[in-house]
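Structure, as structure tokens:
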Amino acid sequence: MTNAAASPAPEPGPPPSPRRLRRCPHHRMVAGVAAGVADYLDLDVSAVRLAFVVLTLVAGLGVPAYLAAWVLLPEEGRDDSLADDLAARWSRA
């Protein structure tokens, strides 16, 4: 049996940044909500759009959910959502 020198373990790098749900300007049709959800969940954007349509037709929740996500989710590359921008304007007034 040979006594091989153990190679040093690679040093751990910085932890990966957490994925964040954001509106996606790529593949957007209206506000990028469906594209952002599809990217976050690793789904096809058409499936997410279809889910919004089905939610609208079955329970009437698709449009309110889309509008809420439009206001609450920041766009890719930004830190603030539309709601944050509105709150900042109102607090200055």
Side-chain angles (χ1 to χ4, degrees):
M1 205 183 327
T2 62
N3 193 1
S7 62
E11 291 191 30
S17 60
R19 287 187 346 183
R20 301 203 49 194
L21 180 56
R22 300 196 178 271
R23 291 184 295 120
C24 180
H26 319 292
H27 312 293
R28 85 171 10 163
M29 290 187 84
V30 178
V33 172
V37 170
D39 285 348
Y40 183 76
L41 297 176
D42 198 26
L43 296 172
D44 182 48
V45 69
S46 298
V48 175
R49 289 180 181 136
L50 181 62
F52 275 113
V53 169
V54 169
L55 275 174
T56 299
L57 296 176
V58 172
L61 297 176
V63 172
Y66 192 94
L67 292 175
W70 188 349
V71 171
L72 296 173
L73 295 178
E75 190 168 22
E76 195 174 279
R78 294 195 56 192
D79 289 330
D80 297 334
S81 67
L82 294 174
D84 293 331
D85 292 342
L86 289 173
R89 282 187 200 160
W90 287 341
S91 68
R92 284 186 265 153

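Numbering of residues begins at 1 and proceeds along the displayed sequence.
Tracing side-chain contacts under 4.5 Å through hydrophobic residues (I, L, V, M, F, W, Y), one never reaches Val37 starting from Val54; they form parts of separate clusters. Val71 and Leu73 fall into different hydrophobic clusters, defined by Ile, Leu, Val, Met, Phe, Trp and Tyr side-chain heavy atoms under 4.5 Å apart, directly or through other members. No continuous path of ILVMFWY side-chain contacts below 4.5 Å connects Leu50 to Leu55, so the two sit in separate hydrophobic clusters. Trp70 and Val53 fall into different hydrophobic clusters, defined by Ile, Leu, Val, Met, Phe, Trp and Tyr side-chain heavy atoms under 4.5 Å apart, directly or through other members.
Here the side chains of Thr56 and Tyr66 are not in contact, with every heavy-atom distance at 4.5 Å or above.
Atoms CZ and CG, on Arg19 and Asp39 in that order, are 9.0 Å from each other to the nearest 0.5 Å. Phe52 CZ to Leu61 CG: the interatomic distance, rounded to the nearest 0.5 Å, is 11.0 Å.
A salt bridge links Glu75 with Arg28: the distance from a Lys NZ or Arg NE/NH1/NH2 to an Asp or Glu carboxylate oxygen falls below 4.0 Å.
With sequence neighbours left out, Arg78 forms a salt bridge (Lys or Arg N to Asp or Glu O under 4.0 Å) with Asp85. By the side chain to side chain contact (heavy atoms under 4.5 Å, CB included) test, Leu43 pairs with Leu41, Val48, sequence neighbours left out.
Nearest heavy-atom pair, Val33 versus Ala69, reported as atom, atom and distance to 0.1 Å: CG1-CB, 3.5 Å. Of all non-hydrogen atoms in Arg23 and Pro25, the two that sit nearest each other are O-CD, 3.7 Å. The heavy-atom pair separating Gly36 from Cys24 by the smallest distance is N-CB, 3.6 Å. The minimum heavy-atom distance between Leu21 and Tyr40, with the atom names listed, is CD1-CB, 3.6 Å.
Within a 6.0 Å radius of CG in Asp44, other residues, nucleotides and ligands contribute more than 12 heavy atoms.
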